[in-house]
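Every chain is numbered from 1 and lettered A, B, ... according to where its sequence line falls, protein lines coming before strand lines.
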There are 2 protein chains.
Amino acid sequence: MNSQFKKGILELLVLHILTKNDCYGYEIVNKISESISISEGTIYPLMRRLKGDGYVTTYLSESTEGPPRKYYHLADSGIEEHNRLKEEWDTFFERVNILLGEEA
Amino acid sequence: MNSQFKKGILELLVLHILTKNDCYGYEIVNKISESISISEGTIYPLMRRLKGDGYVTTYLSESTEGPPRKYYHLADSGIEEHNRLKEEWDTFFERVNILLGEEA
DNA sequence: CACAGTATCTTGTTATGCAAGGTACTAAAC
DNA sequence: GTTTAGTACCTTGCATAACAAGATACTGTG
């Protein structure tokens with residue numbers, strides 16, 4: 001999988017997942033991994049960035065299956081960021097596909 | 001325009017443009033710029049990479065409107081790379097859009 | 001002669017994905 | 001009871017690629 005393609009889009013995917021439910025990091029890795037190969041070393045620094053930017057808040061929750069889980073909850077500004085990014089992505093891939101679709 | 005989104009895709013766009021006609025750098029910048037903002041500082045290093053990888057060959061041609069133009073011609077391996085990248089992109093954006101399309 | 005347009009290029013900065021590694025808890029297997 | 005696998009967190013250092021800014025040089029117009 002071309003890792004360059006993922007640049008910037010993983011942020012959108014994570015924000016999108018969090019619009020549905022609060023999730024913990026390991027869970028996010030697994031959800032995205034079903035479709036797009038992704039590693040923990042990518043997600044954890046990304047979550048830290050999202051928190052630093054105020055897009056998410058966190059809370060800990062005990063687990064019976066391992067160490068405590070750190071759940072991420074989408075803040076209001078995170079919802080706005082999600083909508084903004086989504087629109088940018090829609091515009092972007094539409095333009096790319098138009099360029100790629102022109103007669104050869 | 002989110003510059004992260006462009007990572008890796010500009011290579012595909014350039015290769016695609018060259019499947020139609022040989023082009024010079026400035027011309028490529030202008031063609032892509034019609035749809036996606038792009039700067040010369042991005043394209044010239046990219047062209048150098050493509051040549052270094054053997055995907056394109058170059059030749060100079062005089063111009064009456066300015067300095068000589070360096071034309072880029074797609075090599076056979078460049079055509080293969082184009083097809084490979086195109087398939088990767090198609091798969092990738094399809095998966096992203098499926099993830100983004102799931103019920104909120 | 002200055003300036004806009006055409007055309008090439010380089011340097012240094014920035015962003016972000018990833019491999020590799022470390023820590024720690026639970027439960028099953030040996 | 002100790003090893004192993006699965007869950008779950010984290011960090012460091014590397015590689016890649018887009019971009020701002022600036023340098024160079026040719027042509028034609030005001």
Starting the side chain at C-beta, find the nucleotide from [options] nearest to [X].
X: Pro45(B); options: dT6(C), dC9(C), dT10(C); value: dT10(C)
X: Arg48(A); options: dT6(C), dA17(D), dC10(D); value: dC10(D)
X: Arg69(B); options: dC10(D), dA7(C), dT16(C); value: dA7(C)

Under 4.0 Å, heavy atoms only, any strand: does [X] hit a base, just the sugar-phosphate, or nothing?
X: Lys6(B); value: sugar-phosphate
X: Lys7(B); value: base
X: Ser3(B); value: sugar-phosphate
X: Ile38(A); value: sugar-phosphate

Rounded off to whole Å, could you give me the [atom1]-to-[atom2] distance for the [X] and [N] pair?
X: Asn2(B); N: dA17(D); atom1: CG; atom2: C1'; answer: 13 Å
X: Met47(A); N: dT11(D); atom1: CE; atom2: P; answer: 13 Å
X: Lys51(B); N: dT8(C); atom1: NZ; atom2: C1'; answer: 13 Å
X: Leu60(B); N: dC9(C); atom1: CG; atom2: C1'; answer: 13 Å
X: Met1(B); N: dA15(C); atom1: CE; atom2: P; answer: 18 Å
X: Phe5(A); N: dC18(C); atom1: CZ; atom2: P; answer: 13 Å
X: Asn30(A); N: dT7(D); atom1: CG; atom2: P; answer: 7 Å
X: Ile9(A); N: dC18(C); atom1: CD1; atom2: C1'; answer: 16 Å

query = Hey, what's the ring geometry for Phe92(A) with Trp89(A), parallel, tilted or perpendicular (30° and 60° as the breaks)?
reply = tilted
remark   = So CD1 of Ile38(B) and CG of Leu10(B): to nearest 0.5 Å the spacing works out to 4.0 Å
Mind listing the N/O atom pairs, protein and nucleotides 2-4 of chain C, below 3.5 Å?
none

OP1 or OP2 of [N] less than 4.0 angstrom from a side-chain nitrogen or oxygen of [X], does that happen here?
X: Tyr26(A); N: dC9(D); answer: no
X: Arg49(B); N: dA17(D); answer: yes
X: Tyr44(A); N: dC9(D); answer: yes
X: Tyr24(B); N: dT8(C); answer: no

If you compare all heavy atoms of [X] against all heavy atoms of [Y], which two are closest, and at what distance to 0.1 Å?
X: Ile32(A); Y: Leu13(A); answer: CD1-CB, 4.2 Å
X: Gly54(A); Y: Ser77(A); answer: O-OG, 2.9 Å
X: Cys23(B); Y: Ile17(B); answer: SG-CG2, 3.8 Å

Pairwise side-chain contact, [X] with [Y], heavy-atom cut-off 4.5 Å (strictly under):
X: Met47(B); Y: Leu18(B); result: yes
X: Leu15(B); Y: Tyr72(B); result: no
X: Arg95(A); Y: Leu99(A); result: no

ask   = Using links of under 4.5 Å between side-chain heavy atoms of ILVMFWY residues, direct or through other members, which residues join Tyr44(A) in one cluster?
value = Tyr24(A), Tyr26(A), Tyr59(A), Tyr71(A)
message = Checking side chain to side chain donor-acceptor pair (under 3.5 Å) between Thr58(B) and each of Lys70(B), Lys51(B), His73(B), which is the one that passes?
response = Lys51(B)
Write down the protein N/O and nucleotide N/O pairs, taken from nucleotides 22-30 of chain D, whose separation is under 3.5 Å; answer none if there are no such pairs.
residue: dT27(D); atom: O3'; partner: Thr64(B); partner atom: O; Å: 3.0

